[in-house]
Amino acid sequence: MTRGRLRIYLGAAPGVGKTYAALCEARRRRDRGTDVVLGLVDEHGRERTAAAAEGLERVPPLRTEHQGAAAEEVDVEALLRRAPEVAVVDELARANAPGSRNAKRWQDVDELLEAGIDVVSTLNIQHLESLNDVIMQITGTRQSETIPDEIVRRADQIELCDMSPYALRRRMSHGNIYPAEKIDAALSNYFREGNLTALRELALLWVADRVDEGLSRYRGQHQIRHTWEARERIVVALTGGPEGETLIRRAARIAARARGGQPQPSHLMAVHVVAASGLAHGPTRDLARQKRLLAELGGTYHQVIGEDVAVSLLEFARGVNATQIVLGSSRRRGWQYVFGPGVGATVARESGDIDVHIVTHEEVGRGRGLLPPLRGTLGRARVAWGWVLALALPPLLSGLLRVPPLDALGLTTDMLFFLTGTVAVALVGGLWPALASALWGSLLLNLLFTPPWRGLTVNEADNAIALAVFVLVALLVSFVVDLSNRNSIQAARARSEAGTLALLASSVLASQEPLRALMVRIREAFAQRSVTLLEQRDDGAWQVVENYGEAPCTDPEQADALVSVSDSLVLALRGHMITASDRKFLNAFASHIGIALERQRLARDAALARRQAAGNKIRTALLAAVSHDLRTPLTSIKASVSSLRSTELELDETDRAELLENIEEATDRLDGLVGNLLDMSRLQTDTVQPKMREVGLEEVVPATLIGIPPDTVAVDVPDSLPRVWADRGLLERAVANVVQNAVRYNRAGGPPVRVAASAHGDSVELRVVDHGPGVADPHKERIFEAFQRLGDAPRGTGIGLGLAVARGFSEAMDAALTPEDTPGGGLTMVFTLPRCAPLDAPAPQARHDGGGGSGAEEEHPAGRTEDG
C-alpha cells in the first residue's frame, strides 16, 4: 500500500492562522471531489475557524479525562475504518493522555499515513525538539510537548503561515486568539514583540533550510555547476598554518553580516586541501584548534585531496554553490613567486562569479619552504633505497676505480662510471636522491681523481670543465630518467585502470547481480575494508542499498572516502583515504554503480508491470465472463423461476420438473464458473497454499465423479496403488476439471472417458483419456492459457479456466499436468504426482494450506479451450 502524504502548516506562534489555513485546504479538496474528513480540529473558540469547519464531515474524537480535565484525542481506529482520502488532524506535537493508543499525536498521524491516508496537520515552531533550548532562551518558557525534527522533515509539504509581530499582537488585543481575561498576560509575556520577532525568524530560517535542501537536490539532478546566488555561502581556505584562525573569524563575520545573525552550517564552510604526498602527515595543532573554533562558530570542516590546491578549492566551492571564498595572503617570500603566481592569485583569476576575499595576517611573507613539495608516484620504500644508494654508491665506485687495473683509467672514463651510478640512483629513488648522488660523486671525483689529489682545487682547466659538465649532465640525466620512470609507472597504472574498467563493464553486462559484482570489484581495486551504497530518503535519513565487506558505513560521516553517484546516492568506502587520481578512477565506478542500480530497479519495475499486465488481462477476462458467460445461466435461472411463479401459465408436473431441472443445471454451471474464477484469481495472486499430506487416489477419484453420468466414465484405480503426497482438496478440484472437460468433448457413441492410475518409480501417474477430436501439437500448451478458446466452441459453455486452474493447482503441489495424444484419436491428460516416502523415511515438508472443490467448464478444438 502506498504511504499517505503529510502536509504541515507551520507557524511562529499561536494565532497566525494555521488551523484556519488547514481547514481552507480541506474545503478546497472537498470541492474538487476528494473524500475529506476532520479527524480532530481545535477551534479555540474562534468564529472564523468554526465557520471554516462547517459543512466538513467529522469523525468524532475520543473523549478522555486526565487529572480532572476533559480531553479530546484522535480516534485512530474510527479513521482507519472510515478510510478517507484526506484527514485533518490539528496540533501535530500534542501529547496524548496516559494509557492512550499512542503517547504522541504524531504517532497517531503516522498510523494514518501507513494506512495510505493523506493527513493535513499544524505545528508551531517552538515544538521542534532541536529548538527547545533556543525557545527557552527567547521566551523563558520550556516547551513540554515537542516533536522530533525528523518527523517534520519527512513531511511531503511544509507551508509557512506567516504574520508580522505587530499584526499578531493586534489580533490578540482584538480578542481573536485568547479570551479577554488572558489577553493582557499574553501580550506582556509570551507575545512580546521581541519574542514574536525571534520566533518568526526561527520559523523563516527553518523553512528556508528545507527550501535550500530542495534546491540542492534540483541542482544535482540537473547537473548545474555555476553558482546561483539564492543564498550566501562562504568557503574559507585553510592551509593548516597559524593564520587559519584569523581567516575563520573573518569569514564568520562575513557570513553573519550576510544573514544578520550567527552563521549556520550551511553558510560557513572551511576546506583544507591535502596533497597526495601529504597524506601520511597528521593534522597540525593549528588545524586542530581551527576545527574547534569553526565548530563553535557554527561552521563545518571539509578535507579534500588534490594535487593542485587552487583547482581543488574552486571545484569544492562550485560543488557547494558557494558565493564567496576567503583565503589568506600568501606566506611565500618574494623570490619564491618564480615558481608561480600563488594560490590566491590563481583562485581570484579563475573564480568566475564567486567573490574572492584575500585577507592579510601576521604570517604574510614569512616563508613556507624553499621549494614546493615534489609530487610523484614513487613509493616510500623506493625513495628510501634511492637515498641509500645515493650515499653508498659513489664511495663504492671510488674504491673500485682505485683497484688495479681500473686505476689506470682516465678521468673521462671515471666520470662515466659515476654518471652510470647516478642514473641507477635516479631509476630507483627518483630525482632528489639522484641530485644528491651527482653532487656527492662530483666531490669524490674532485678529491680522488683530479690532480692535485685529495684537494678541492683543480690544476687543469679541462678537468674543471669536465667536472662542471659531469655535474650538469648528471643533473639533466637524473631529471630525464626520473621523469621517464614516473611516466612509465603512470602508464602502467593507466593500463591497469583501463583493464579494470573493461572488467568493470563486463561485470555489469554479464553478472546476474551487477551491483554486487561492482561492490566486490571496488573493494578489491581500492583495498578498502568495506564499500557501501547509501541512499538518502525523503526524510533526510540514509539507508543502505548494497554493501560488501566488514563494518559497512551507515552514514556518509563514517566514510574514509566518499563519492557522489547521484543527488540521493553516495558511495561510501571505509578503510583509508584515496588520492585525487584514485578519486577520478572511483568516479568511473560510481557511474557504473548508478547504471547497475537503475538496471536492477528497471528490472524490478518491469516484473511489476508484467504482473500488473497479467492482472489487467485477468480483470478484462473477468468482465467478459460476467457480461456473457455468467449472465447466461443467470438468465436461464431467472426465466425458469419466472415461469414457475407466473399465475398466467398453466404448468403440469412434467413442465415444472423440466423447469426445476433447468434451474439446477444452470446453478451447477454457475457454481462451476464462479469456482474457477475464484481459483484462477487465487493462482494469479499467489494465495494458493496447499496443505500437503498423504492421499490415496482410490479416495480422490470417486469424489471427482459426483454429478457425472456413470456411463460416461470408466475408472481403473486399484486399491493397492501407493499413496501420493498432495493436497486432497486441490487434487480433487484439478482432476474434476480435467474429467468434466474430457466428458464434454468425448466422441458421442464412442468409448467412455477412462480414468486410470499406475505407479512408476518415485511417482504415480493418473491418466484421463478421452476419444474426442484431440489437440494438435502446436496447441497442446496453449490449452492451458486462461480465457482463450480454440476452434468454434459456442459462447456460454465456459470461460476457458478449467485446465488453467488444474495445471496451476498441480504445480502448486509440485505435481505436473501434461497433454498427450490418445491412440486412435483424442486427448490424454496425465497427472504426475510424487509418491509418498516409505514409513521409515522422512516425509516431504508441508509448504502450504489449501482447499478444493469441483467443477469445470473447459473446451478444446474443435471447440476445446486454451487455458493457462
Side-chain angles (χ1 to χ4, degrees), residues 7-31 36-64 66 69-75 79 86-97 105-106 108-109 119-128 135 139 141 143-145 147 157-193 195-197 199-200 203 207:
R7 181 187 183 101
I8 296 177
Y9 285 87
L10 180 68
V16 295
K18 305 180 301 299
T19 304
Y20 181 79
L23 291 172
C24 290
E25 175 65 16
R27 297 179 72 89
R28 283 193 295 270
R29 296 197 187 191
R30 183 203 60 182
D31 294 340
V36 181
V37 301
L38 302 183
L40 183 61
V41 173
D42 192 347
E43 299 172 0
H44 302 288
R46 300 166 191 167
E47 295 180 1
R48 292 188 62 197
T49 304
E54 287 181 3
L56 292 172
E57 179 184 348
R58 292 177 182 263
V59 173
L62 291 175
R63 302 186 185 279
T64 61
H66 177 60
E72 292 185 346
E73 296 175 9
V74 181
D75 192 341
L79 281 171
V86 180
V88 179
V89 179
D90 207 6
E91 301 290 351
L92 187 61
R94 184 66 57 86
N96 293 332
R105 187 168 294 174
W106 64 262
D108 296 336
V109 168
V119 177
V120 178
S121 190
T122 63
L123 181 71
N124 282 328
I125 193 68
Q126 67 262 28
H127 294 298
L128 287 172
I135 299 298
T139 65
T141 303
Q143 300 294 324
S144 59
E145 295 179 333
I147 183 172
Q157 297 180 56
I158 300 176
E159 184 167 334
L160 180 66
C161 296
D162 187 35
M163 182 176 291
S164 69
Y166 173 78
L168 188 56
R169 284 173 58 84
R170 186 175 58 186
R171 286 198 67 204
M172 174 68 74
S173 61
H174 290 170
N176 295 329
I177 301 178
Y178 288 166
E181 63 273 13
K182 296 182 178 181
I183 292 177
D184 290 339
L187 288 174
S188 59
N189 291 288
Y190 195 90
F191 280 79
R192 292 196 301 267
E193 186 172 351
N195 288 0
L196 296 178
T197 301
L199 292 172
R200 186 188 187 198
V207 173

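FYI, side chains are in, hydrogens and waters are out, and symmetry mates aren't considered; it's all heavy atoms of this structure.
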Query - Expected output: side-chain Arg169 to main-chain Phe191 donor-acceptor under 3.5 Å - result: yes
One should read off an interatomic distance between Leu38 CG and Leu23 CG, to the nearest 0.5 angstrom, of 6.0 Å
- prompt: Side-chain contact, heavy-atom cut-off 4.5 Å: Ser164 with Arg170?
  reply: no
Heavy-atom closest pair (Val16 atom, Gly11 atom, distance to 0.1 Å) is CG2-CA, 3.8 Å
Between the side chain of Arg27 and the main-chain N/O of Ala52, is any donor-acceptor distance below 3.5 Å?
yes
When Leu92, Thr19, Val88 are each screened for side chain to side chain contact (heavy atoms under 4.5 Å, CB included) with Ser121, the one that passes is Leu92
For Arg30 and Gly55, the nearest pair of non-hydrogen atoms, with its separation, is NH1-O, 3.0 Å
- His127 side chain to Glu145 backbone, donor-acceptor under 3.5 Å: yes
Note: Ala167 and Met163 closest approach over all heavy atoms is CB-CG, 3.7 Å
Check whether any side-chain heavy atom of Tyr166 sits under 4.5 Å from a side-chain heavy atom of Leu196, and report yes or no.
no
Minimal heavy-atom distance between Pro61 and Leu40, with the atoms involved, is CB-CD1, 3.6 Å
Glu73 side chain vs Ala97 backbone, donor-acceptor pair below 3.5 Å:
yes
The test is side chain to side chain contact (heavy atoms under 4.5 Å, CB included); show your working for Val74 and Leu79 and say whether it passes.
CA-CA 8 Å; Val74 181; Leu79 281 171; 3.6 Å; yes
- Is a side-chain donor or acceptor of Arg7 paired with a backbone partner of Glu25 at a separation under 3.5 angstrom? no
d(Arg105 CZ, Asn96 CG) to nearest 0.5 Å is 6.5 Å
Heavy-atom closest pair (Thr197 atom, Pro165 atom, distance to 0.1 Å) is OG1-CG, 3.4 Å
To the nearest 0.5 Å, atom CD1 of Ile158 lies from atom CG of Leu123 at 9.0 Å
Rounding to 0.5 Å, atoms CG (Leu128) and CD (Gln143) come to a distance of 10.5 Å
Output for pair (Asp75 CG, Arg63 CZ), nearest 0.5 Å, gives 11.0 Å
CG (Asn195) and CZ (Arg200) are apart, to the nearest 0.5 Å, by 14.5 Å
Worksheet item: Can you check side-chain hydrogen bond (donor to acceptor under 3.5 Å, both in side chains) on Asp90 and Thr122, steps first, answer last?
Response: CA-CA 5 Å; Asp90 207 6; Thr122 63; 2.4 Å; yes
Applied to residues 41-50, the salt bridge (charged side-chain N to carboxylate O under 4.0 Å, His left out) test, sequence neighbours excluded, yields Glu43-Arg58
Of all heavy-atom pairs linking Gly15 and Ile177, the shortest is CA-CD1, 3.8 Å
